[in-house]
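Have a look at the structure below before the remarks.
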Amino acid sequence: MNWIMKSQPNLKILITERQIKNKIKQLAKEISRDYKGKILLLIAVLKGSFMFLADLIRELSVDIEIEFIELSSYGNSTESSGEVSVIKWLTKEIENRDILLIEDIVDTGLTVSTLLNKIKSHKPSSVKVCSLTSKPARRETDVPIDYLGFEVPNKFIVGYGIDYNEIYRNLPEIYYLENE
Ligand code: PRP
């Protein structure tokens with residue numbers, strides 16, 4: 001049992017480090033195959049996706065560029081506010097680019113659907129979505145997830161980039177919070 005499970009008994013392991021590593025290898029293989037010969041522009045949604053992005057790109061065998069955007073839908077609570085606000089937007093043109101959005105979690109789907117609409121209005125060649133996790137029980141709007149790591153149950157999850165009041169992002173595994 002590791003330090004976080006000892007010190008925070010309400011955190012229960014959901015996805016191990018090994019499972020995440022294996023899944024990322026598999027996703028990277030598919031992405032590398034699908035974008036062979038192209039220069040892929042990865043757009044990572046901060047903050048939650050930073051760890052997934054860092055591990056995913058080291059497994060890719062295609063040329064990539066990276067852009068970061070930051071949006072916020074939650075504030076400091078465990079429930080989505082239903083509104084998506086832009087904190088940081090793109091710094092370069094994306095017209096005629098092949099784009100892959102990188103997310104840590106698709107919950108209600110509002111963030112990804114808002115982003116897809118905004119990005120499509122800049123006329124990229126293609127845009128797809130890659131998310132480490134998806135919580136289908138919470139979906140409010142249908143969104144395509146072209147590359148998905150794990151479906152997760154309707155529990156509040158933390159770790160591997162995902163926070164609770166900004167903490168737990170550094171955990172190498174994914175946990176759920178009991179009694180939330
Ligand atoms: C989380 C997550 C997604 C979004 C998903 O971000 O990283 O971007 O919520 O929720 P949705 O499908 O209901 O829109 P959050 O706003 O918590 O910011 P963070 O990544 O900085 O923690």
Side-chain angles (χ1 to χ4, degrees), residues 4 8 10-12 14-15 17 19-20 23-24 27-28 31 40-57 64 66-91 94 99-122 124 127-180:
I4 193 71
Q8 302 289 346
N10 61 335
L11 286 187
K12 305 289 176 196
L14 184 64
I15 307 171
E17 201 175 353
Q19 287 173 310
I20 294 172
K23 186 65 79 173
I24 286 178
L27 291 174
I31 295 167
L40 181 59
L41 177 59
L42 299 175
I43 300 181
V45 187
L46 292 170
K47 301 173 195 163
S49 67
F50 74 95
M51 205 178 279
F52 177 41
L53 175 79
D55 285 343
L56 180 71
I57 59 175
I64 58 152
I66 299 169
E67 279 282 302
F68 292 101
I69 57 181
E70 187 168 2
L71 304 171
S72 189
S73 61
Y74 277 55
N76 278 339
S77 81
T78 53
E79 287 289 312
S80 172
S81 64
E83 276 175 38
V84 178
S85 53
V86 175
I87 297 170
K88 180 198 178 304
W89 191 240
L90 298 169
T91 57
I94 57 169
I99 290 170
L100 186 58
L101 283 180
I102 307 292
E103 265 289 19
D104 50 316
I105 185 162
V106 178
D107 192 331
T108 63
L110 287 170
T111 302
V112 165
S113 93
T114 306
L115 261 179
L116 282 175
N117 286 336
K118 278 182 185 286
I119 284 173
K120 281 177 184 166
S121 72
H122 293 272
V127 52
K128 286 189 182 181
V129 177
C130 173
S131 183
L132 181 64
T133 66
S134 167
K135 204 187 280 180
R138 296 251 313 148
R139 204 71 95 247
E140 288 175 20
T141 176
D142 238 7
V143 287
I145 306 178
D146 303 281
Y147 305 98
L148 173 65
F150 303 93
E151 274 197 2
V152 294
N154 192 10
K155 294 176 182 297
F156 197 85
I157 64 170
V158 296
Y160 201 76
I162 304 170
D163 72 307
Y164 174 69
N165 287 348
E166 295 299 329
I167 62 166
Y168 301 135
R169 292 194 199 271
N170 59 321
L171 302 177
E173 309 87 7
I174 294 178
Y175 296 81
Y176 66 91
L177 275 172
E178 214 170 42
N179 310 320
E180 271 294 337

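Position 1 is the first residue of the sequence, and the numbers go up from there. Keep in mind it's a predicted model, so treat the numbers as computed, not measured. Indexing begins at 1, ligand by ligand and atom by atom, following the structure's order.
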Exercise. Pick whichever of Ile102, Thr108, Ile69 has a heavy atom sitting closest to atom 13 (O) of ligand 1.
Key: Thr108
Quiz prompt | Residue Glu103 vicinity, atoms of ligand 1 by number, heavy atom under 4.0 Å | solution = 2 (C), 3 (C), 7 (O), 8 (O)
Quiz item: Quick one: does Arg139's side chain have a donor or acceptor within less than 3.5 Å of a partner on Asp107's backbone?
Solution: yes
Quiz item: Would you say Ile105 has any N or O atom under 3.5 Å from an N or O of ligand 1, going by distance alone?
Solution: no
Practice problem: Please indicate whether any nitrogen or oxygen in Val45 is less than 3.5 Å from any nitrogen or oxygen in ligand 1. | Solution: no
Quiz prompt | Glu166 near ligand 1 by a heavy-atom separation under 4.0 Å | solution = no
Self-check item: Nearest-option assignment for atom 14 (O) of ligand 1, heavy atoms, candidates Leu46, Ile162, Thr111
Solution: Thr111
Quiz prompt | Donor-acceptor under 3.5 Å (Asn10 side chain, Leu177 main chain) | solution = no
Quiz prompt | Separation of Leu71 CG from Ile87 CD1 (nearest 0.5 Å) | solution = 7.0 Å
Quiz item: Would you say Asp104 has any N or O atom under 3.5 Å from an N or O of ligand 1, going by distance alone?
Solution: yes
Exercise. Going by heavy-atom distance to atom 10 (O) of ligand 1, choose the closest among Asp107, Thr114, Leu110.
Key: Asp107
Practice problem: Ignoring hydrogens and angles, tell me if any N or O in the side chain of Glu173 forms a donor-acceptor pair with the backbone of Gly159 under 3.5 Å. | Solution: no
Quiz item: Side chain or backbone of Glu140 under 4.0 Å from ligand 1, or both, or neither, by non-hydrogen atoms?
Solution: neither
Quiz item: Near Asp163, which atoms of ligand 1 are under 4.0 Å from a heavy atom of that residue?
Solution: 22 (O)
Quiz item: Is a side-chain donor or acceptor of Lys47 paired with a backbone partner of Glu70 at a separation under 3.5 angstrom?
Solution: no
Quiz item: Is a side-chain donor or acceptor of Lys88 paired with a backbone partner of Phe68 at a separation under 3.5 angstrom?
Solution: yes
Quiz item: So among Leu11, Asp163, Ile162, Ile174, which one has a side-chain contact (heavy atoms from CB on, under 4.5 Å) with Tyr168?
Solution: Leu11
